[in-house]
Amino acid sequence: MHPNEKATISTRVIGLISGTSVDGIDAALVEISGEELDLKIELLAGETYPYPAELRERILALCAGAAISMAELALIDDAIAFTFAQAAQNIQNGHQAAHLIGSHGQTVYHRPVGKWEMAKQNTSYFPLPTPHSPLGYSLQLGRGALIAHLTGITTVSNFRAADIAIGGHGAPLVPRVDAYLLSHPEEGRCIQNIGGIGNVAYIPPRYGDWLSKIRGWDTGPGNSLLDLAVQHLSAGAKTYDENGNWAASGTPCYPLVDQWLKQEYFHLPPPKSTGRELFGLTYLEQCFKDAQAYQLNAADILATLTELTAASIVHSYQTFLPEMPQRVLLCGGGSRNLYLKQRLQLLLASVPVLTTDEVGLSADFKEAIAFAVLAYWRNLGIPGNLPTATGAPGEVLLGEIHQY
Ligand SMILES: Nc1ncnc2c1ncn2[C@@H]1O[C@H](COP(=O)(O)OP(=O)(O)OP(=O)(O)O)[C@@H](O)[C@H]1O
Ligand SMILES: CC(=O)N[C@H]1[C@@H]2OC[C@@H](O2)[C@@H](O)[C@@H]1O[C@H](C)C(=O)O
């Protein structure tokens, strides 16, 4: 080997995440080598393991603000860790054992920086006249210590804490991984995740000071409102609008979309983050009330909510990007919603809308892959956040290492 050549030792890493849709644990077994510009990944296996129904119900209740004892919180934390550990064991079947796990865990609460008023509680005990904190707050359950203990594999977890500790949102964290896996020498790209919440990474062409020009933020609702609406409108028979077929049979109510787009979040300049705390049940109930004035049927309501997701994404590019991308690459469950994809393509006119699958990176498992990479970077001492995406004042190592 030439003395200047770096030894590329690959590491087998498991990435685990359950996102804001709470639909199950995405697990990816990945072979990773290189560091940043020379980062390479190979997806050996990817699988989604649904939560046991009762546990999912309890998590959704927690996300919706259910009161809970500390004892139950600890139980749910460990139940999630057990389920994640099982996913880690299962994804290795038929493969050589993994060296490392990166586990995002399950977000149950996210308070972006400066949004302390979201804690709608009795605050008379707060030691200041008006309760506030200079830091955001984000809670992911499924403790890494237990995952390491159960699997016998060193586990990195609690990825958002270090960025939040220095004043960042702790989200979105995937843009830095997107930058190294999906940048293009000549093409500016938006990598648009459409999970429960939508988030984007804008990656300019890879030359000059391209890294400092990367941007990222949460665009607003992805599927969160749609899923809740489908459950309500189907009286619990359906959990999501498969391929967007139901919405496609309706007509969007554009005045309503324009009205909803006036909401503060869509006009906040990035960096910004959000969650089900904002785009959840209470928000949807207001949408249903607003829809009454237009006498919309179920399909029209779904078409209008789908339009809100599409329009809020495109509006945020037009408002906050220095220039429009030359290509949009979708990932996350919403990339399977053909009607949503069609609406996005229409609103983006000549900018082609594809999925990350079409450039060789799994759209279903990109987030799980990203947390495998973040754990790998943590192990190598490489920072994982991108200050232009999280709003943190600097780069920082992400994640707590639970050695085994
Ligand atoms: N075939 C499909 N047609 C339409 N929608 C789909 C389809 N498959 C998945 N979805 C949507 O994608 C959602 C799950 O997406 P995903 O797993 O990316 O979300 P998440 O990772 O939980 O969220 P986040 O990225 O916000 O953390 C489902 O709840 C559903 O709304
Ligand atoms: C607090 C939290 O879990 N945020 C998620 C959520 O889901 C999408 C969007 O909101 C994103 O900011 C983030 O997830 C991805 C994995 C991220 O950090 O990049």
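Each ligand, and each atom within it, is numbered from 1 in the order the structure gives. Fair warning: this is a prediction, and the values are worked out from it, not measured in the lab.
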Below 4.0 angstrom, N of the basic side chain to O of the carboxylate: do [X] and [Y] qualify?
X	Y	result
R143	D78	yes
R189	D178	no
R343	E307	yes

Atom pairs, nitrogen or oxygen, ligand 1 to protein, under 3.5 angstrom:
{"from": "ligand 1", "atom 1": "1 (N)", "to": "N243", "atom 2": "OD1", "distance (Å)": "3.3"}
{"from": "ligand 1", "atom 1": "3 (N)", "to": "N243", "atom 2": "N", "distance (Å)": "2.7"}
{"from": "ligand 1", "atom 1": "10 (N)", "to": "G333", "atom 2": "O", "distance (Å)": "3.3"}
{"from": "ligand 1", "atom 1": "12 (O)", "to": "N223", "atom 2": "ND2", "distance (Å)": "3.3"}
{"from": "ligand 1", "atom 1": "15 (O)", "to": "G333", "atom 2": "N", "distance (Å)": "3.3"}
{"from": "ligand 1", "atom 1": "17 (O)", "to": "D23", "atom 2": "OD2", "distance (Å)": "3.4"}
{"from": "ligand 1", "atom 1": "18 (O)", "to": "G333", "atom 2": "N", "distance (Å)": "2.8"}
{"from": "ligand 1", "atom 1": "19 (O)", "to": "S21", "atom 2": "OG", "distance (Å)": "3.1"}
{"from": "ligand 1", "atom 1": "21 (O)", "to": "E367", "atom 2": "OE1", "distance (Å)": "3.4"}
{"from": "ligand 1", "atom 1": "22 (O)", "to": "T20", "atom 2": "N", "distance (Å)": "3.3"}
{"from": "ligand 1", "atom 1": "22 (O)", "to": "S21", "atom 2": "N", "distance (Å)": "2.9"}
{"from": "ligand 1", "atom 1": "22 (O)", "to": "S21", "atom 2": "OG", "distance (Å)": "3.3"}
{"from": "ligand 1", "atom 1": "23 (O)", "to": "T20", "atom 2": "N", "distance (Å)": "3.3"}
{"from": "ligand 1", "atom 1": "23 (O)", "to": "T20", "atom 2": "OG1", "distance (Å)": "3.3"}
{"from": "ligand 1", "atom 1": "23 (O)", "to": "G196", "atom 2": "N", "distance (Å)": "2.9"}
{"from": "ligand 1", "atom 1": "25 (O)", "to": "N193", "atom 2": "ND2", "distance (Å)": "3.0"}
{"from": "ligand 1", "atom 1": "25 (O)", "to": "E367", "atom 2": "OE1", "distance (Å)": "3.4"}
{"from": "ligand 1", "atom 1": "25 (O)", "to": "E367", "atom 2": "OE2", "distance (Å)": "3.1"}
{"from": "ligand 1", "atom 1": "26 (O)", "to": "T20", "atom 2": "OG1", "distance (Å)": "2.4"}
{"from": "ligand 1", "atom 1": "26 (O)", "to": "G196", "atom 2": "N", "distance (Å)": "3.0"}
{"from": "ligand 1", "atom 1": "26 (O)", "to": "I197", "atom 2": "N", "distance (Å)": "3.0"}
{"from": "ligand 1", "atom 1": "26 (O)", "to": "I197", "atom 2": "O", "distance (Å)": "3.4"}
{"from": "ligand 1", "atom 1": "27 (O)", "to": "T20", "atom 2": "N", "distance (Å)": "2.9"}
{"from": "ligand 1", "atom 1": "29 (O)", "to": "D227", "atom 2": "OD2", "distance (Å)": "2.5"}
{"from": "ligand 1", "atom 1": "31 (O)", "to": "D227", "atom 2": "OD1", "distance (Å)": "2.6"}
{"from": "ligand 1", "atom 1": "31 (O)", "to": "D227", "atom 2": "OD2", "distance (Å)": "3.1"}

Count the heavy atoms belonging to other residues, nucleotides or ligands that lie under 6.0 Å from OH of Y137, then report whether that count exceeds 12.
no
N/O donor-acceptor pair under 3.5 Å between W217 side chain and V200 backbone
no
Sequence neighbours left out, what passes side chain to side chain donor-acceptor pair (under 3.5 Å) with N379? Give chain and number order.
none
For residues E57 and L60, determine if any side-chain heavy atom of one lies less than 4.5 Å from a side-chain heavy atom of the other.
no
Quick one: closest heavy-atom pair of Y404 and G152, and the distance?
CD2-O, 3.2 Å
One line per pair, note the atom names and distance for all nitrogen or oxygen contacts under 3.5 Å between ligand 2 and the protein.
{"from": "ligand 2", "atom 1": "3 (O)", "to": "T107", "atom 2": "OG1", "distance (Å)": "2.6"}
{"from": "ligand 2", "atom 1": "3 (O)", "to": "R160", "atom 2": "NH2", "distance (Å)": "3.3"}
{"from": "ligand 2", "atom 1": "12 (O)", "to": "D218", "atom 2": "OD1", "distance (Å)": "2.6"}
{"from": "ligand 2", "atom 1": "12 (O)", "to": "D218", "atom 2": "OD2", "distance (Å)": "3.2"}
{"from": "ligand 2", "atom 1": "14 (O)", "to": "R160", "atom 2": "NH2", "distance (Å)": "3.2"}
{"from": "ligand 2", "atom 1": "18 (O)", "to": "R160", "atom 2": "NH1", "distance (Å)": "2.7"}
{"from": "ligand 2", "atom 1": "18 (O)", "to": "R160", "atom 2": "NH2", "distance (Å)": "3.1"}
{"from": "ligand 2", "atom 1": "18 (O)", "to": "L173", "atom 2": "N", "distance (Å)": "2.8"}
{"from": "ligand 2", "atom 1": "19 (O)", "to": "L173", "atom 2": "N", "distance (Å)": "2.9"}
{"from": "ligand 2", "atom 1": "19 (O)", "to": "V174", "atom 2": "N", "distance (Å)": "2.9"}

Return the set of residues passing ring-ring contact (aromatic ring centres under 6.0 Å, His included) with H232 (not counting sequence neighbours), or none when no residue passes.
F288
